[in-house]
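Note sheet for the following structure.
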Amino acid sequence: MLTRLLQALYGVLATLVGMAAAHLVAALTVPAASPVLAVGSTVIDLTPTPMKEWAIRTFGTADKAILVGSVLVVVLVLAGVAGIVAARRLTLGISMLVGLAAVAGVLALLRPSAGALDLVPSAVAALVGALTLAGLYRFASPAATPADTTTARAGTTDHAEPAGASASRRTVLIATGGAALAAAAIAGAGRWVSEVRLRGTDIALPTAAEKAAALPGGLEERVPGISAFRTPNSDFYRVDTALTVPAIDVDSWSLTIDGDVEKEVELSFDDLAGMRVVERDITLTCVSNDVGGPYIGAARWLGVPLQDVLDKAGVDSTKADQILCTDVDGMTISVPLKVALDGRDALLALGMNGEPLPREHGFPVRMVVPGLYGFVSACKWITKMTLTTYDEQEAYWTERDWAIDAPIKLSSRIDTPKPLSDSKPGKTFIGGVAWAQGVGIQGVEVRIDGGPWQKAELGPDAGDDYWRQWFYEWDAEPGQHFVASRATNKDGDVQTAVRATPFPEGSSGIQEIAVNVG
Ligand SMILES: Nc1nc2c(c(=O)[nH]1)N[C@H]1C(S)=C(S)[C@@H](COP(=O)(O)O)O[C@H]1N2
Ligand SMILES: [Mo]
């Protein structure tokens, strides 16, 4: 039994060393081609939409860690089997490891933006894994089977049994410890390399030709627990399919505008930064947000009006009806062309809350379109805008049956008190945010225990594309209570109570939470 475990451990260690080496090589070349990530990304893309929805809702941003962890577990189990097989037939065990790496290599090659270089990390994994496994068996072979042990002993009758056993135990210890150390050291080096590579978002931003007015102070000073009027970059929600945050070198980055255009245009970061730059306060929302959910954030964006960029290429809007955006990894996001051209503040953003875009949020350039959910507008790490039609080309989420034109639905969220929280009787703030991008919020109402809707007080107004904070002062009596909120936009539309799931065009309904007062 112990021998079996040791054999499996050899397989696992060889695989870990191989994967660490591959990860290091990937960090130096194509980070997304790291074998585990290549497999993970493919799993993400193949996951049926409802399951993906469920994962985002259940695990939030941890969904990626859980996915990578699950892939790792499966790979290491197979690696263990390869280790056991190798004890009987080394070449067969090694072939299994090479096979595992080959699967990752093929998947890396199938990624949308893959080139031949993407094969290198998996090839390294195969080579290093195979050498490590062979080395472990060569220098510290654990007895393969009881039969093997007998033959081995028979051949070494001149050695005293206890001395021989302890020497081999020491060799095994040294070999396994050495392999584990090597894996950790190489993985550490890979991590260090990617961190060094991933810095460098520290670029100079252009000054805005049109500055936004200073943002008024929000309600957060007065209403504890309410969302800050401006979401700090570090707290901004993140939703994307990228397993590693793309590391883009701003000097080699460019944006191509092609397809149904008069002339194809390629802009460098400096070209873009040299255009008319404006500042806008815009609230971004994810279609995967349940009513009352966390995937919404409000920021001040610095960017070039999308219209100005499209004008450089000359867009034929009698032909095209879609801007197909492509990111640096080949991921695609569609944007309805008419929405980009209807006068709203659609931007190619370079800055977020006074800083260059954080890498997680699209460095160096992303799109921001007020009023549309992020999945049909907010392309991060953008490198190309292709003017085309929905008939001709489908974006990532279009292929997965999500809506193509998805305006953000009028909604509100209760930030405080928290659902199922306990609070003291007496004066209690009920507070939150409400949004109706493009139209603006006229009012928010609160309902307690199914009673009449009562007017909440609104926070400052930073424009119709920005959310509005609100609060209601409640004299809470002991017991369990149900608190609900609903918003009304400036057109007089009231947030609907009709429930809809996030798929395919965004959730709707009224959030109602239970709180305990006592
Ligand atoms: N390249 C790329 N851009 C993307 C996505 C993505 O997966 N890849 N996700 C979109 C979605 S679904 C949303 S809601 C917003 C989220 O932007 P944030 O992560 O900066 O909040 O980015 C959008 N842009
Ligand atoms: Mo989203």
Side-chain angles (χ1 to χ4, degrees), residues 32 40-41 44-45 47 49 52-53 55-57 60-61 63-64 67 111-113 201 227 230-248 253 255 282-290 293-303 323-335 346-353 355-386 395-400 402-404 406-409 411 435 437 467 501-507:
S41 300
I44 289 189
D45 294 353
T47 304
T49 297
K52 205 166 347 198
E53 273 300 281
I56 292 180
R57 260 180 292 139
T61 312
D63 62 339
K64 296 200 174 71
L67 174 81
R111 307 288 313 147
S113 62
T201 61
S227 298
R230 173 187 304 177
T231 314
N233 289 356
S234 53
D235 294 348
F236 210 93
Y237 80 92
R238 176 184 164 204
V239 171
D240 55 61
T241 59
L243 271 183
T244 41
V245 183
I248 297 179
W253 176 88
L255 175 66
I282 298 167
T283 296
L284 220 66
T285 313
C286 181
V287 70
S288 297
N289 210 31
D290 272 320
Y295 305 125
I296 177 162
R300 172 159 294 184
W301 307 92
L302 178 81
I323 308 174
L324 187 74
C325 303
T326 306
D327 83 357
V328 67
D329 289 332
M331 201 270 178
T332 51
I333 289 203
S334 67
V335 187
L347 300 177
L348 283 165
L350 323 171
M352 180 178 182
N353 290 330
E355 290 167 21
L357 290 179
R359 290 186 41 248
E360 291 77 9
H361 299 292
F363 180 86
V365 178
R366 77 176 304 171
M367 196 183 284
V368 173
V369 182
L372 287 183
Y373 287 115
F375 81 111
V376 284
S377 63
C379 186
K380 306 192 271 191
W381 314 292
I382 190 169
T383 58
K384 193 160 74 171
M385 297 196 289
T386 305
Y396 184 89
W397 277 298
T398 316
E399 286 168 357
R400 287 159 180 79
W402 287 82
I404 53 172
I408 299 172
K409 294 181 183 174
S411 198
W435 56 93
Q437 287 92 330
W467 65 10
T501 58
F503 180 81
E505 53 178 22
S507 64

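Numbering of ligands and ligand atoms starts at 1, following listing order.
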Checklist line | Proximity of Phe236 to ligand 1 by residue part, where a heavy atom lies under 4.0 Å | finding: side chain
Item checked: Nearest neighbour in protein (non-hydrogen) for atom 3 (N) of ligand 1 -> Lys380 N, 2.9 Å
Notebook entry, point to check: Any nitrogen or oxygen of Asp327, main chain or side chain, under 3.5 Å from a nitrogen or oxygen of ligand 1?
Noted result: yes
Notebook entry, point to check: What part of Tyr396 sits under 4.0 Å from ligand 1 if we count only heavy atoms: the side chain, the backbone, both or neither?
Noted result: neither
Next item on the list: Indicate yes or no: does an N/O atom of Arg366 lie under 3.5 Å from an N/O atom of ligand 1?
Entry: yes
Check: What protein heavy atom is closest to atom 12 (S) of ligand 1, reported as residue, atom name and distance in Å?
Finding: Phe375 CB, 3.6 Å
Next item on the list: For the residue pair Met331 and Trp381, establish whether any side-chain heavy-atom pair is separated by less than 4.5 Å.
Entry: no
Note to self: Could you tell me, atom by atom, which parts of ligand 1 come under 4.0 Å of a heavy atom of Cys379?
What the structure shows: 3 (N), 24 (N)
Check: How long is the span from the OG1 atom in Thr332 to the OH atom in Tyr396, to the nearest 0.5 Å?
Finding: 9.0 Å
Checklist line | N/O donor-acceptor pair under 3.5 Å between Arg230 side chain and Asn353 backbone | finding: no
Margin query: Is it the case that ligand 1 has an N or O less than 3.5 angstrom from some N or O of Val239?
Written below: yes
Checklist line | Nearest neighbour in protein (non-hydrogen) for atom 4 (C) of ligand 1 | finding: Ile333 CD1, 3.4 Å
Item checked: Distance, nearest 0.5 Å, that separates CG of Leu347 from CZ of Arg366 -> 11.0 Å
Margin query: If the cut-off is 4.0 Å to any non-hydrogen atom of His361, which atoms of ligand 1 fall inside it?
Written below: 18 (P), 19 (O), 20 (O), 21 (O)
Next item on the list: Identify the protein heavy atom lying closest to atom 8 (N) of ligand 1, giving its residue, its atom name and the separation to 0.1 Å.
Entry: Met331 SD, 3.6 Å
Item checked: atom 6 (C) of ligand 1: nearest protein contact (heavy atom, Å) -> Asp240 CB, 3.4 Å
Margin query: Distance to the ring centre below 6.0 angstrom and angle to the axis at most 45 degrees; does that hold for Arg238 and Phe236?
Written below: no
Notebook entry, point to check: Does atom NZ of Lys409 have more than 12 heavy-atom neighbours from other groups under 6.0 Å away?
Noted result: yes
Next item on the list: To the nearest 0.5 Å, tell me how far Leu284 CG sits from Met352 CE.
Entry: 7.5 Å
Next item on the list: Could you grab the distance from atom OG1 of Thr398 to atom CG of Leu324, nearest 0.5 Å is fine?
Entry: 8.0 Å
Item checked: Sub-3.5 Å N/O-N/O distance, Trp397 and ligand 1 -> no
Checklist line | Enumerated ligand 1 atoms positioned under 4.0 Å from heavy atoms of Cys286 | finding: 14 (S)
Margin query: Students should be able to answer this: which protein heavy-atom is nearest to atom 24 (N) of ligand 1, and at what distance?
Written below: Ala378 O, 3.0 Å
Item checked: Non-hydrogen atoms of Trp301 and Ile282 that approach each other most closely -> NE1-O, 3.2 Å
Notebook entry, point to check: Going by distance only, is there an N or O of Tyr237 that falls short of 3.5 Å from an N or O of ligand 1?
Noted result: yes
Check: Can you tell me how far the CD1 atom of Ile323 sits from the OG atom of Ser377, to the nearest 0.5 Å?
Finding: 10.5 Å
Item checked: Ligand-residue contact atoms, ligand 1 with Arg238, heavy atoms, under 4.0 Å -> 19 (O)
Item checked: Close N or O approach (Glu360, ligand 1; < 3.5 Å) -> no
Checklist line | From CH2 (Trp397) to CD1 (Ile333), nearest 0.5 Å | finding: 5.0 Å
